[in-house]
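Heavy atoms only: backbone and side chains are in, while hydrogens, waters and symmetry mates are out. Just so we're on the same page: letters track the sequence lines, and every chain starts at 1.
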Protein chains: 2
Amino acid sequence: MRRPTIVDIAKAAGVSKGSVSYALNGRPGVSEETRRRILAIAHDLGWAPSSPARALSSGGRVGAIGLVIDRPAHVLGVEPFFMQFVSGIEAELTGSGVDLLLQVTEEHQAEVAAYRRWAAEQRVDGVIIVDVRTEDPRFEAVQKTFLPTVVLGGPEGIGSLPCLYTDESAPMREVVHYLGALGHQRIARIAGPEYFVHTGKRTRAFLEAAEEAGVAEVYTEHADYTGEAGTRITRRLLTRTDRPTALVYDNDLMAVAGLGVARELGVDVPSQLSIVAWDDSTLCGLVRPALTAVVRDVVSYGREAARMLVKVVSGERVQSKEISPGELQPRASTGLLLS
Amino acid sequence: MRRPTIVDIAKAAGVSKGSVSYALNGRPGVSEETRRRILAIAHDLGWAPSSPARALSSGGRVGAIGLVIDRPAHVLGVEPFFMQFVSGIEAELTGSGVDLLLQVTEEHQAEVAAYRRWAAEQRVDGVIIVDVRTEDPRFEAVQKTFLPTVVLGGPEGIGSLPCLYTDESAPMREVVHYLGALGHQRIARIAGPEYFVHTGKRTRAFLEAAEEAGVAEVYTEHADYTGEAGTRITRRLLTRTDRPTALVYDNDLMAVAGLGVARELGVDVPSQLSIVAWDDSTLCGLVRPALTAVVRDVVSYGREAARMLVKVVSGERVQSKEISPGELQPRASTGLLLS
DNA sequence: CGATGGTGCTGAACCGGTTAAGCAAGTGGG
DNA sequence: CCCACTTGCTTAACCGGTTCAGCACCATCG
């Protein structure tokens, strides 16, 4: 019960294996009648092309793309962003015969090594890069190895790679103006790590928006997206004498943590403290009070990234593209400041 | 700047490509001196074995294992179980040169199709099966195609496949006895779908434990692990005239949803209602009151599953193995019932 | 009627590895 | 000194596809 090969089909059909290949790939060179006969036999035998054999032939693709996620296990489990993104990629790839290779690492260097290995061993046809950093070594690695790439982030600082980027400032402006209108004059932001480019973009947008909206005092604290960090920093912020009256978090997990701390300290949300999460998952709607959040369609980011990468892999020239930055979804965690 | 092949190395070293292959694989047949020379050249050229070429050779492995997760995108994003499991797999595979192919589907049939395709196209050396169902078509599919497999679940109803299984009844007994001791006589369980075998196991264990502990009334409602279902069912349960005084959830997301509903209805946790989650993620510790949960080391499940599968793939005979079922971690969401 | 061109197929090379078989030279034993 | 054995290497086949060159056959056209 060996798996059938095109040689088996050729024998059964009484033709050469070259003809079988032409027939199966829908290319000219065989008569319609022969083609039908070959296809029928292939179907009967339950034939499917060997992916390694295809890849080995002239210029063949392996039919897989790669994604490396650089987050510790306990964050990844609760951080909705990545699984949504992965779901979007999968949704796009389904039925196209392209598979997703996923690597989870806890170290940035391992990530670069993964790209190098994938390229050298011909394991993927292309990769998607997320979480762009300042001084990011991954771009050099993929350029050197000519690995087709699509970046989620940019467009600055990523060389000439095609990317999907968002305007972080529009939602940030929306958030700050909204909080300003609710009477908040002291807003703290619990952000992601400084070395992520999008963190910096948001920080600048945060400052600009505050000036624009006439909010007196804003400042940013950097964290690592974990619940623990969210708890720790929120506790420190809320126990200051001049504590902020509104908190903006860079992900939803830290926001949930922050909500817990407010509860613990007896600070009422939203009458004494407003909370905004960036990235909305069902989580935000489940906790009480439900969290106001910046809603982004992360699944569609994944779809779009996969679609672009497939094009790049097949040799098409692809334009970078701006995607919807998301918008504010007000819920119960924000409200008028009652001092 | 083509990627170097063993022929390039052979030319540079002045030997045949056969010798290069022997040298690079650490097999006898070349002198120590020649081996060193070849290895040095391979290193200089930045050579790495072509994965497709290796796989194509006699009995070669492709160096990848597959995992299919059958959950809709919005659940997957917040359901910590799978990402923890995946992290564990990755942790085990790191450095072994084996990659993980991930497929996310929203349909059980697509899952079976994925296994078939992977086997037929030689895309993976083996697969891990999770979420065992009653009448599960996947086992026939993998057996027929001789795809090496490790199952998370079982050991009943999965044929002769090696598996990792847990004793669901031990933690369940712990939970029910604990709640009984706190004075609860009416306990409802918001479970996963009925068609999952482990759901049924827990249901039986739940009933047995209740009898054992002398808890008068217990019943199980089936849900689909989503926050929405958790919300809906909890709302229905808590608005009954004889509402339960304790709720046990089959995952943490539904438990968080349940906590929100209790809050909404003004039912105090834990003085009027105790809540237990099954599976602990940082989430349980972040909400207030923090959720009592059955803690399982899901990451280690992933590690162990990957380790077993790698052995199976390499032809070793592998024994099924019982793994730690987890234990109760009491937190603030459970307490004495004050009626 | 011969040159031309298209159709439908075959044969063989090729992709980049692995591996069995063969062979020359050196070594040791009887 | 001959034989057997080991060492270190080469040669060639093979894995399962793709693709190019070539060839026989037939129809068409000037």
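A residue-by-residue look at B:Val15 and A:Ser19 shows that B:Val15 has its nearest nucleotide of DNA chain D further toward the 5' end. The residue among A:Arg37 and B:Ser50 whose nearest nucleotide of DNA chain C lies closer to the 5′ end is A:Arg37. The nearest heavy atom of DNA chain D to B:Lys17 and to A:Gly18 marks one nucleotide each, and the one closer to the 5' end goes with B:Lys17.
In this model, the phosphate group of D:dG16 is not approached by any side-chain N or O of A:Arg54 to a distance below 4.0 Å at OP1 or OP2. Put simply, A:Trp47 has a side-chain N or O that comes within less than 4.0 Å of OP1 or OP2 on D:dG17. Proximity of A:Thr34 to the phosphate of C:dC9: a side-chain N or O atom is located under 4.0 Å from OP1 or OP2. A close approach under 4.0 Å does occur between a side-chain nitrogen or oxygen of B:Arg3 and OP1 or OP2 of C:dG17. Note on A:Ser31: a side-chain N or O is less than 4.0 Å away from OP1 or OP2 of C:dC9. Considering only side-chain N and O atoms, B:Ser57 lies nowhere under 4.0 angstrom from the phosphate OP1 or OP2 of C:dG17.
With A:Val132 as the partner, the side-chain contact (heavy atoms from CB on, under 4.5 Å) test is satisfied by one option alone out of A:Tyr165, A:Phe196, A:Tyr195, A:Phe139: A:Phe139.
We find that CG of B:Leu45 is positioned 12 Å from P of C:dG17, with the value rounded to whole Å. Whole-Å rounding puts the A:Lys11 NZ to D:dG16 C1' distance at 13 Å. Atom CZ in A:Arg35 sits about 13 Å away from atom P in C:dT7, given to the nearest Å. The interatomic distance linking A:Arg61 (CZ) with D:dG17 (C1') rounds to 15 Å, in whole Å. The separation between A:Leu56 atom CG and D:dT18 atom C1' is 10 Å, rounded to whole Å. Per the geometry, CD belonging to A:Glu121 stands 13 Å off C1' belonging to C:dG16, to the nearest Å. Following rounding to the nearest Å, A:Ile38 (CD1) and D:dT18 (P) show an atom-to-atom distance of 12 Å. Here D:dG8 presents its P atom at 11 Å from CD of B:Glu33, a figure rounded to the nearest Å.
Here A:Arg138 does not pair with A:Asp70 in a salt bridge; the nearest charged N to carboxylate O distance is not below 4.0 Å. The residues B:Glu33 and B:Arg36 are annotated as not salt-bridged, no charged nitrogen and carboxylate oxygen being separated by less than 4.0 angstrom.
For B:Tyr22, taking side-chain heavy atoms from C-beta onward, the closest of the listed nucleotides C:dG16, D:dT18, C:dA20 is C:dA20. Checking D:dG16, C:dT10, D:dT10 against the side-chain heavy atoms of B:Ser16 singles out D:dT10 as nearest.
As judged by a 4.0 angstrom heavy-atom cut-off over every strand, B:Ala48 is placed among residues touching the sugar-phosphate backbone only. A:Ser21 comes within 4.0 angstrom of a nucleotide base, judged by non-hydrogen atoms across all strands.
A donor-acceptor contact closer than 3.5 angstrom links the side chains of A:Ser50 and B:Gln122.
For the pair B:Trp118 and B:Val124, the tightest heavy-atom approach, listed with the atom from each and the gap, is CB-CG2, 3.7 Å.
A:Phe81 and A:Phe85 have parallel rings, their planes meeting at less than 30° on a 0 to 90° scale where 60° marks the start of perpendicular.
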